[in-house]
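Reviewing the structure listed below.
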Amino acid sequence: MPKQLRPFIEGLAVGCVFISITMLFEIPLYMSFIIGALAAIGGYRNSIKMDKEKVAKKEQNQPQSTKKDIE
């Protein structure tokens with residue numbers, strides 16, 4: 001899966017879950033769609049944030065190469 005596509009899919013999944021949950025509580029349809037859209041935006045942003053944190057943590061755990069290591 002392309003790296004750019006993953007946040008969109010995760011955001012869409014979160015939005016669908018929130019729409020289905022709000023439908024259980026008999027909230028009007030338009031309000032369910034609004035809540036689902038806001039949840040999808042939040043899921044998208046969270047996915048991007050988590051990817052950045054994962055890359056930063058991976059870089060932090062990499063051993064630092066210095067001149068002493070080369071010699």
Side-chain angles (χ1 to χ4, degrees):
M1 175 169 34
K3 193 171 186 108
Q4 294 89 5
L5 189 60
R6 184 173 176 217
F8 289 114
I9 292 174
E10 288 184 13
L12 185 62
V14 170
C16 291
V17 167
F18 270 81
I19 288 173
S20 63
I21 290 172
T22 55
M23 294 298 287
L24 291 173
F25 295 109
E26 297 180 7
I27 294 175
L29 185 63
Y30 70 93
M31 290 179 72
S32 294
F33 285 144
I34 291 171
I35 292 168
L38 292 173
I41 292 169
Y44 172 77
R45 293 181 67 191
N46 188 45
S47 177
I48 291 174
K49 184 178 107 179
M50 295 295 282
D51 287 343
K52 286 181 182 178
E53 288 176 359
K54 187 186 300 182
V55 169
K57 187 175 182 181
K58 189 174 183 180
E59 288 176 358
Q60 183 182 11
N61 291 337
Q62 293 292 329
Q64 298 293 327
S65 63
T66 61
K67 289 184 178 181
K68 291 180 181 178
D69 291 340
I70 296 171
E71 296 173 355

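We number each residue from 1, following the sequence as shown.
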Nearest heavy-atom neighbours spanning Ser47 and Pro7: OG-CA, 3.5 Å

Summary of side chain to side chain donor-acceptor pair (under 3.5 Å) pairs that have at least one residue in residues 16-34, sequence neighbours excluded: Thr22-Ser32

Partner set under ring-ring contact (aromatic ring centres under 6.0 Å, His included) for Phe8, not counting sequence neighbours: Tyr44

Heavy-atom pair of closest approach, residues Phe18 and Gly36: CB-CA, 4.3 Å

Verdict with reasoning, Ile21 to Val17, per side chain to side chain contact (heavy atoms under 4.5 Å, CB included): CA-CA 6 Å; Ile21 290 172; Val17 167; 3.8 Å; yes

Leu29: partners by side chain to side chain contact (heavy atoms under 4.5 Å, CB included), with sequence neighbours left out: Met23, Phe33

Residue of the set Met50, Arg45, Lys52 for which side-chain contact (heavy atoms from CB on, under 4.5 Å) holds with Ile48: Lys52

Spacing of Ile41 atom CD1 and Asn46 atom CG [to the nearest 0.5 Å]: 13.5 Å

Same cluster (ILVMFWY, side-chain, under 4.5 Å), Leu24 and Ile35: no

